[in-house]
Trainee: 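Structure incoming, see below.
Here is how names work: the chains are called A, B, and so on, in the same order as the sequence lines, proteins then strands, and each is numbered from 1.
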Amino acid sequence: MGRVEYDDVWKQFPTRDAPAVRGLTLDVADGEFLVLLGPSGCGKTTALRMLAGLEHPDRGDIRIEGRSVLRLEPKDRNVALVFQSYALYPHMSVRGNIEYPLRVRNIAPAERERKVERAADLLRIQHLLPRRPGQLSGGEQQRVALARAIVREPQVFLMDEPLSNLDAKLRTHTRTELKALQQQLGVTTIFVTHDQAEAMTMADRIAVLDAGVLQQLGTPDNVYQRPANLFVAQFIGSPPMNILDATRDGEALVVAGGWRIAAPHRLDGARAVKVGLRPEAIDLAMAGGDDGQPAEVLVSEPLGSEVIVNVQLADVLLKVRTAPDVRPDPGARVYLRARHDGVRVFDGTTGAALN
Amino acid sequence: MSVIGPQAQTQIAVPPRVRPLEGGSRLEWVLMHIVFAAVTLFFLAPFIWLFTAAFDAHAQAYIRWPSAPTLDNFVQIFSRYAFATALSNSVFVAVSTMLLTVFVVSLAGYSLSRIELRQKAWITYAVLLLQTMPLSATMVPIYGLARELGLRNSYLGLILVHSAIELPFLVWLMKGFFDSVPRQLEEAAWLDGRGKLRALFEIVLPVARPGIAVAAGLSFLSAWAEVLMVLILVDQQSMKTIPLAFYETFRSAGGYTEVQYGLVAAMGVLYVLPVMAVFFATRRLMVRGLMSSTRGL
């Protein structure tokens, strides 16, 4: 059982001007796979390290299963952390590394042996047990680090960008396996990453952080489709959401080049707004219709399964996702239509979504 | 059940073997070897003298092969000059100094590396400043302190002073080694269930083993070879160490005009052997340690 709660947690490092974490409140359900996502320096690793007991919050409380852990040493928190660098003990064999947490807890040798074999079996590293970490590839080291974490059967797994040292192919492969492993073990997992693709593919829920503040907490679909603010809108998605300054004209929003987009819902007041359109929320046609907004193609980027067409609309560059067979030439005139259910509107001043 | 499949092993490229003289002329090869031989001979000559004279009953100030090799010089330094006492004193003082120094510099270096202190940079530089003080400048205060504290003619006095001489430099050296040990290793050990002190001894110190070997080697050699402090702290025959016995033998056995070279050489051999033994026992660790310490600077 491993429910985790952050309750208004603050952390300021003396060497930094701004707090690393500001008022983080988060409730992670037992067995959930939560991803802390954000750019470098957003406070995600600090939040993770505070849960592990490697940093102490200035304010607030952190609870595991309803019990505050702030006064507990890292060794007493029953959490396992997989570091970005894996932090394998170089002077011990792989077996020594995996059984270290068991030896520390004075588990009987026979039981220790059984648990090490089971973890090694789960991660297919039996053949590596006699070797030293220095003799292993990055992927193998990562498995050993995972084995060392799961062998203890902790309440919570913490993972600090464990895939970032792997090459792109292995990273994609491993994230699928890691997700399967977590589902099999059912242990609450908090996974830190700056890679939104990792977050989208692995998380039950994503917590997006920026400048130490929780920007949004939601399922991958929710965070992608209904970003809470401009930061989330532009951080999640590749390519990111197109953002256009808009003025209101009755029920319509007028953006660059006089393109009129129907507002998705009633908007109160006459505030300055911004319109957000995902690349797939724009339909691109080669022939004009009554409501098609003419624009000029700058360049097409074929990606195999899709094409990203860059179109110039007045002084704004828009990215439009199209089918692989749609490849307009540079300079071609195309016609854009915004899908009604894909239009997002944000407050022009605060950047918050207007729903 | 396995959920993770095997993946590709990383390929390690083997660099082509470098042949420094490739393309050079035969003359260059010959000249280089002559220079190498000359330099080697220059540095080896004192040792050749030492090892030939020690076994020569009529040793001279120049290198000569003993006409009738003998152990007589060794027998004499033990029977007539109480060399055994000096040898055991030196071994005891050097080994104790080494143990004390390694213990202290490990903890001090670790603290300076890991603990966040307000004026850490100043403290660290102050430690280095101590190393730049000429040893002879501290002679008088050390003599006075040792006399007041009853540490003259005592093992403890010698061990403390010898340790203190080496501490500043070795604290710096060890700080560098600990800086190069990733913090995440000990953090992993804490999370695995170890307290901070046990994590230091089980994880950090074994990883910093080359550094500890360097600290141990250098502190042993320094205490073994130190003369000045022994001269001011020891005047009892039973407390003298090898350098002092060496000096007295050189002076008293025949005086400056008629030096007993064979006796001096025999002492010299027994003086350098432990040093060579320490070096050969720890050479791999020492080289690794010294290489990584210079990388960290």
Side-chain angles (χ1 to χ4, degrees), chain A residues 14-15 49 52-54 73-92 97 100-105 121-125 127 136-140 142-143 145-146 148-149 152 154 158 160 166-167 169-170 173-174 176-185, chain B residues 1-14 106 110 113-121 177-213 284-285 288-289 291-292 295-296:
Chain A
T15 48
R49 288 172 61 83
L54 301 174
E73 289 287 307
K75 68 187 172 73
D76 300 320
R77 296 195 180 195
N78 200 15
V79 299
L81 173 56
V82 178
F83 290 90
Q84 185 174 3
S85 64
Y86 314 132
L88 299 178
Y89 310 129
H91 58 299
M92 294 182 190
N97 266 277
Y100 184 74
L102 303 176
R103 213 150 38 84
V104 168
R105 285 173 175 72
D121 191 41
L122 197 65
L123 290 149
R124 280 208 175 172
I125 49 171
H127 60 295
L136 308 181
S137 68
E140 289 169 337
Q142 201 250 3
R143 280 151 203 268
L146 275 173
R148 188 175 67 184
R152 289 172 38 188
L158 308 177
D160 188 5
L166 304 180
D167 63 50
K169 191 178 166 195
L170 191 56
H173 181 65
T174 310
T176 314
E177 293 177 333
L178 207 55
K179 176 73 180 162
L181 182 71
Q182 195 270 342
Q183 281 172 350
Q184 188 188 339
L185 297 172
Chain B
M1 183 174 66
S2 295
V3 292
I4 291 198
Q7 87 283 323
Q9 295 265 340
T10 319
Q11 291 270 328
I12 298 164
V14 179
S106 295
Y110 179 76
S113 168
R114 293 294 198 261
I115 297 174
E116 294 301 328
L117 298 168
R118 261 174 201 283
Q119 302 295 340
K120 195 161 91 170
F177 279 110
F178 287 123
D179 284 347
S180 68
V181 176
R183 277 172 194 241
Q184 293 182 343
L185 284 183
E186 66 215 83
E187 290 177 348
W190 301 343
L191 284 161
D192 278 346
R194 274 290 183 239
K196 294 193 174 170
L197 203 61
R198 288 285 292 272
L200 169 65
F201 283 103
E202 286 181 12
I203 303 297
V204 182
L205 290 186
V207 175
R209 213 161 48 113
I212 291 169
R284 287 217 173 88
L285 280 175
R288 249 171 65 198
M291 296 282 282
S292 55
R295 271 204 302 274

Trainee: With B:D179, which residues qualify under side chain to side chain donor-acceptor pair (under 3.5 Å), at least two apart?
Mentor: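 Applying side chain to side chain donor-acceptor pair (under 3.5 Å) to B:D179 gives B:S113, B:K175.
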
Trainee: Is a side-chain N or O of A:R152 found less than 3.5 angstrom from the main chain of A:V79, in a donor-acceptor match?
Mentor: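 Such a contact is found between A:R152 side chain and A:V79 backbone.
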
Trainee: Identify which part of A:L88 has an atom lying under 4.5 Å from any heavy atom of chain B, answering side chain, backbone, both or neither.
Mentor: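 Contact with chain B is through the backbone of A:L88 alone.
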
Trainee: Count the heavy-atom pairs under 4.5 Å between each of A:E73, A:Q84, A:R103, A:R49 and chain B, then report the option with the highest count.
Mentor: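 Top count of heavy-atom pairs under 4.5 Å with chain B: A:R49.
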
Trainee: Is it the backbone or the side chain of A:Y89 that comes under 4.5 Å from a heavy atom of chain B, or both, or neither?
Mentor: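 Contact with chain B: backbone and side chain both.
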
Trainee: Among the options A:V104, A:D167, A:L158, pick out the one with the most heavy-atom pairs lying under 4.5 Å from chain B.
Mentor: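 Maximum pair count with chain B is reached by A:V104.
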
Trainee: Decide if atom CZ of A:R105 counts as having more than 12 heavy atoms of other residues, nucleotides or ligands within a radius under 6.0 Å.
Mentor: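 For A:R105, atom CZ is crowded (more than 12 foreign heavy atoms under 6.0 Å).
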
Trainee: Non-hydrogen atoms of chain A under 4.5 Å away: do they reach the side chain of B:E202, the backbone, both or neither?
Mentor: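 Both backbone and side chain of B:E202 come within 4.5 Å of chain A.
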
Trainee: Are the side chains of B:V181 and B:I203 in touch, meaning some heavy atoms are under 4.5 Å apart?
Mentor: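 Not in contact.
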
Trainee: If I measure from the heavy atoms of chain B, does A:A80 come under 4.5 Å with its side chain, its backbone, both, or neither?
Mentor: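 Answer is neither: A:A80 stays 4.5 Å or more from chain B.
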
Trainee: Under 4.5 Å, counting heavy-atom pairs only, tell me which of B:E186, B:R183, B:E187 racks up the most with chain A.
Mentor: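 Winner by heavy-atom pair count: B:E187.
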
Trainee: Can you tell me if B:R114 uses its side chain to pair, donor with acceptor, with the backbone of B:F178 under 3.5 Å?
Mentor: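 Present.
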
Trainee: Using non-hydrogen atoms only, which part of A:R77 is less than 4.5 Å away from chain B: side chain, backbone, both, or neither?
Mentor: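 No part of A:R77 comes within 4.5 Å of chain B.
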
Trainee: Which residues pass the side chain to side chain donor-acceptor pair (under 3.5 Å) test with A:R148, sequence neighbours left out?
Mentor: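 A:R148 satisfies side chain to side chain donor-acceptor pair (under 3.5 Å) with A:N97 once adjacent residues are dropped.
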
